[in-house]
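Down below is the structure, laid out as structure tokens.
The shown structure was predicted, so the numbers you read here are calculated from the model rather than taken from an experiment. Residue numbers count from 1 along this sequence.
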Amino acid sequence: VTELRRDRDGTLVLPLETADATEALARRGRWPERFVAKGRDGITDIYGIIQRPANFDPTKKYPVIERLYAGPHAHFTPKSFGTHDALLERGFIVVQSDGMGTAGRSKKFHDVAWRNIADAGFPDRIAWLKAAAAKNPELDLTRLGVYGTSAGGQSALGALLFYGDFYRAAAADCG
């Protein structure tokens, strides 16, 4: 809903536009779910999204793919509705989160990446994924993979090299 309001008291002048997402929601099946959990320190909030297939069945368990890009120059978890991920319709739940080291938060949050790019926020991502699976039993973390592009491709390999006891598979379209 877009409205024109007076700046002095916030009263409504007139409504300008009302969007209808019915058609988009029918195609998607459901909107992405925003999810927040504590990071590696047990204090810092880690924000992310969980996307489910259009034909999602809450009685089933689904393999999970973490879409990953952990470069320190920005944050990468979508903050608005974007394109529908084709991996969803192949039977995966797709997740994204911004672990410590990414930008857009405090200096302390960002400094985790300083001379430590290989960290890629994995301790935070893993804590986030475990919390998400505890709340959403349809997330099968025994079938967890990671997919990355560019620096995310480098991180996908790092997931297997440094956290191979947690991540089962990785793919990169470049890295």
Side-chain angles (χ1 to χ4, degrees), residues 19-40 44-72 74-102 104 117-175:
D20 181 1
T22 306
E23 186 180 323
L25 186 55
R27 276 194 315 272
R28 283 186 97 107
R30 62 184 341 152
W31 298 121
E33 174 191 343
R34 292 175 191 240
F35 186 76
V36 62
K38 299 300 178 192
R40 69 183 83 189
T44 305
D45 285 339
I46 303 299
Y47 301 101
I49 62 166
I50 302 169
Q51 296 182 86
R52 294 170 180 85
N55 63 351
F56 174 71
D57 178 349
T59 65
K60 289 184 173 181
K61 289 191 80 75
Y62 290 82
V64 179
I65 295 179
E66 181 179 4
R67 184 172 292 285
L68 172 62
Y69 190 93
H75 54 83
F76 303 97
T77 298
K79 308 299 187 268
S80 61
F81 298 118
T83 60
H84 190 62
D85 196 317
L87 292 170
L88 298 170
E89 303 322 318
R90 290 182 169 80
F92 297 99
I93 289 178
V94 178
V95 300
Q96 285 180 268
S97 67
D98 285 321
M100 290 185 194
T102 56
I117 196 89
D119 177 282
F122 280 117
D124 308 303
R125 295 169 192 288
I126 291 169
W128 185 90
L129 280 160
K130 287 178 178 178
K135 184 179 179 242
N136 301 281
E138 67 272 13
L139 277 71
D140 183 356
L141 297 186
T142 67
R143 298 185 291 161
L144 172 63
V146 59
Y147 171 74
T149 300
S150 188
Q154 172 184 312
S155 296
L157 177 59
L160 294 181
L161 290 175
F162 307 122
Y163 301 96
D165 57 333
F166 189 71
Y167 293 94
R168 306 290 183 232
D173 60 10
C174 68

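- In this structure a side-chain-to-backbone donor-acceptor pair under 3.5 Å is present from Lys61 to Pro137.
- Distance alone, capped at 3.5 Å, is enough to place a donor-acceptor pair between the Asp119 side chain and the Gly121 backbone.
- At least one side-chain heavy atom of Leu141 sits under 4.5 Å from a side-chain heavy atom of Val64.
- Pro63 is not listed as a side-chain neighbour of Arg168, based on a closest heavy-atom distance of 4.5 Å or more.
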Between Phe122 and Phe166, does a ring pair (Phe, Tyr, Trp, His ring centres under 6.0 Å) hold up when you go through it step by step? CA-CA 10 Å; Phe122 280 117; Phe166 189 71; 9.4 Å; no
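- Minimum heavy-atom separation, His75 to Gly104: CD2-CA, 4.1 Å.
- If you take CZ on Arg30 and CG on Leu88, they are separated by 11.0 Å, rounding to the nearest 0.5 Å.
- Remark: side-chain polar atoms of Asp124 are paired, donor with acceptor, to backbone N or O of Met100 under 3.5 angstrom.
- In this model, no donor atom of one side chain and acceptor atom of the other lie less than 3.5 Å apart for Tyr69 and Gln96.
- Under a cutoff of 6.0 Å and an axis angle of 45°, Arg52 and Phe56 form a cation-pi pair.
- Using a 4.5 Å heavy-atom threshold, the side chains of Tyr147 and Thr149 count as touching.
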I'd like to know whether Asp57 forms a side chain to side chain donor-acceptor pair (under 3.5 Å) with Tyr62, so could you lay out the CA-CA distance, the side-chain angles of the two residues, the decisive distance to 0.1 Å, and finally the verdict. CA-CA 9 Å; Asp57 178 349; Tyr62 290 82; 5.6 Å; no
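- The side-chain contact (heavy atoms from CB on, under 4.5 Å) with Arg67 is formed by just one residue from the set Ile49, Leu87, Val146; it is Leu87.
- Residues Thr77 and Asp98 approach most closely at N-OD2, 3.1 Å, considering heavy atoms.
- At least one side-chain heavy atom of Glu66 sits under 4.5 Å from a side-chain heavy atom of Leu129.
- Counting heavy atoms from C-beta outward, Phe35 and Val95 have side chains that stay 4.5 Å or more apart.
- Using a 4.5 Å heavy-atom cutoff, the side chains of Thr102 and Pro72 are not in contact.
- Atom CG of Leu144 and atom OH of Tyr167 lie 6.0 Å apart (nearest 0.5 Å).
- A salt bridge between Lys60 and Glu138 is absent, with no side-chain N of the basic residue lying under 4.0 Å from a carboxylate O of the acidic one.
- From Arg40, atom CZ reaches atom CZ of Arg125 across 10.0 Å, with rounding to the nearest 0.5 Å.
- Residues Lys135 and Glu33 meet the side-chain proximity criterion, which asks for heavy atoms closer than 4.5 Å.
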